[in-house]
Protein chains: 2
Amino acid sequence: MEIEIVRPEEIEKRSFAIISEELKAQGMTLPEDQEAVTKRCIHTSADFDYARNLTFSEGAVEKAKEAIRHGASIVTDTQMARSGINKRVLEQYGGQVYCFMSDTDVAEEAKRAGTTRAVASMEKACALEEDLIFAIGNAPTALIRLYELIREGRIAPKLVIGAPVGFVNVVQSKEQILTLKDTPYIVARGRKGGSNIAACICNALLYQC
Amino acid sequence: MEIEIVRPEEIEKRSFAIISEELKAQGMTLPEDQEAVTKRCIHTSADFDYARNLTFSEGAVEKAKEAIRHGASIVTDTQMARSGINKRVLEQYGGQVYCFMSDTDVAEEAKRAGTTRAVASMEKACALEEDLIFAIGNAPTALIRLYELIREGRIAPKLVIGAPVGFVNVVQSKEQILTLKDTPYIVARGRKGGSNIAACICNALLYQC
């Protein structure tokens with residue numbers, strides 16, 4: 001297999017063209033409003049499973065874009081996702097990215113309560129007085145606590161990105177989010193996900209704004 | 001599916017136990033020295049493909065551990081991987097993590113030479129006068145340039161982690177690394193990989209030191 005000569009600025013375009021071709025060859029058609037998000041997840045992971053496992057509440061993409069345009073911030077449960085989200089674009093609309101996972105008060109509260117830092121960081125997010133998108137890419141415990149906080153009426157996210165990854169309560173935590181009636185969500189059903197997926201869903205939304 | 005009650009400090013252990021069970025059920029036995037790295041990649045991605053696509057040069061893990069213990073630093077091509085690598089553990093042995101992707105001189109050099117920032121950041125790494133592990137989790141262009149620099153004798157990495165992800169020259173860039181005779185490598189063959197995989201391979205090595 002020879003190295004293909006592609007100009008730097010053409011690489012991403014070429015990648016998306018290949019993804020489109022292969023989806024077509026597999027007989028898969030994506031809903032138009034979901035296409036950019038789903039293709040970017042495949043681009044980030046080279047895993048076509050995301051064409052099947054990504055689940056969107058009705059109008060989720062449009063609602064998220066509107067929230068971003070109105071200055072919503074993003075809360076994430078991983079420093080890697082924070083690092084990967086395009087903060088330059090988000091800041092243009094007035095939002096910022098929060099990750100409380102390394103905060104001393106979060107570590108102390110988690111220890112005191114015998115819970116995870118991810119849970120404690122969701123509690124901390126409740127105190128933010130602004131519109132919020134939650135991008136959960138690691139801890140199912142964060143997503144479970146977020147679900148409870150929504151049910152208790154303590155927080156009303158503009159969007160929940162449910163993409164924790166792994167083997168313990170990951171599937172369950174995502175299925176719970178799908179039962180929410182008034183909360184827009186984008187959920188990667190099943191075990192797969194990760195900080196890269198959480199970040200790239202945010203970026204796919206940002207690049208459409 | 002009910003939420004499983006698992007104490008926070010037990011979640012990772014439980015996850016690795018599930019991974020071990022499922023590998024066994026699939027009839028897969030991993031070489032003992034590769035086990036920790038491969039299982040951590042599955043843990044990070046929930047993708048059992050890594051049990052098949054990870055390819056290790058002989059003694060790569062042992063050589064990498066020795067390099068880390070002797071203070072080797074890590075160069076990566078993504079800020080997300082830099083963010084995900086456990087710098088606290090690396091620093092205990094005297095190493096640090098470099099990522100030149102956002103450096104102004106790298107951007108300028110890439111523009112001047114009509115290449116990618118990833119290529120320019122590999123060139124920049126040549127000037128580092130210390131033992132280096134390269135963790136490539138995004139750009140095949142970085143891995144291709146690294147291969148050339150090794151062949152030209154301009155750099156002699158203690159380990160190359162080849163885990164770029166995607167559709168343009170990704171497969172090819174990894175296959176080239178497998179042809180190197182004297183360079184230890186851990187390569188995720190095929191299209192899959194990513195900053196999360198590059199970071200978690202580093203962490204799997206660090207946690208064994």
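What you see below is based on every heavy atom in this structure, not just the backbone, and it leaves out hydrogens, waters and symmetry mates. Note that the structure is predicted; figures quoted are calculated from it, not measured.
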CD/E32(B): more than 12 non-hydrogen atoms of other groups inside 6.0 Å: no
N/O donor-acceptor pair under 3.5 Å between S83(B) side chain and S83(A) backbone: no
Under 4.5 Å from any heavy atom of chain B - which part of V170(A): neither
E58(B) atom CD, neighbour heavy-atom count above 12 within 6.0 Å: no
Greater than 12 external heavy atoms within 6.0 Å of R40(A)'s CZ: yes
Exercise: identify the closest heavy-atom pair between M80(A) and N196(B): CE-CA, 3.7 Å
Per-residue contact mode, A110(B) against chain A (heavy atom under 4.5 angstrom): neither
Interface residue of largest heavy-atom contact number with chain B, from V6(A), T141(A), T44(A), under 4.5 Å: T44(A)
Nearest heavy-atom neighbours spanning A46(B) and G166(A): CB-N, 4.1 Å
Pair R191(B) + E22(A): basic N to acidic O under 4.0 Å: yes
Donor-acceptor contact below 3.5 Å, side chain N169(A) vs main chain E4(B): yes
Test item: Q172(B) side-chain N/O and I3(A) main-chain N/O as donor-acceptor pair under 3.5 Å: no
Atom NZ of K192(A) with >12 non-hydrogen neighbours under 6.0 angstrom: yes
Within 6.0 angstrom of R52(A) CZ, more than 12 heavy atoms from elsewhere: yes
Non-hydrogen atoms of P8(A) and G114(B) that approach each other most closely: CG-O, 3.7 Å
Chain B contact via I197(A) - side chain, backbone, both or neither, heavy atoms under 4.5 Å: neither
Greater than 12 external heavy atoms within 6.0 Å of R82(A)'s CZ: yes
N/O donor-acceptor pair under 3.5 Å between S15(A) side chain and F167(B) backbone: no
Region of Q176(B) that comes under 4.5 Å of a non-hydrogen atom in chain A: side chain
Interface moiety of V119(B) toward chain A, non-hydrogen atoms closer than 4.5 Å: neither
Region of S45(A) that comes under 4.5 Å of a non-hydrogen atom in chain B: backbone
Residue K39(B) excluded, over 12 heavy atoms near NZ under 6.0 Å: yes
I18(B) versus chain A, the contacting section by heavy-atom distance below 4.5 Å: side chain
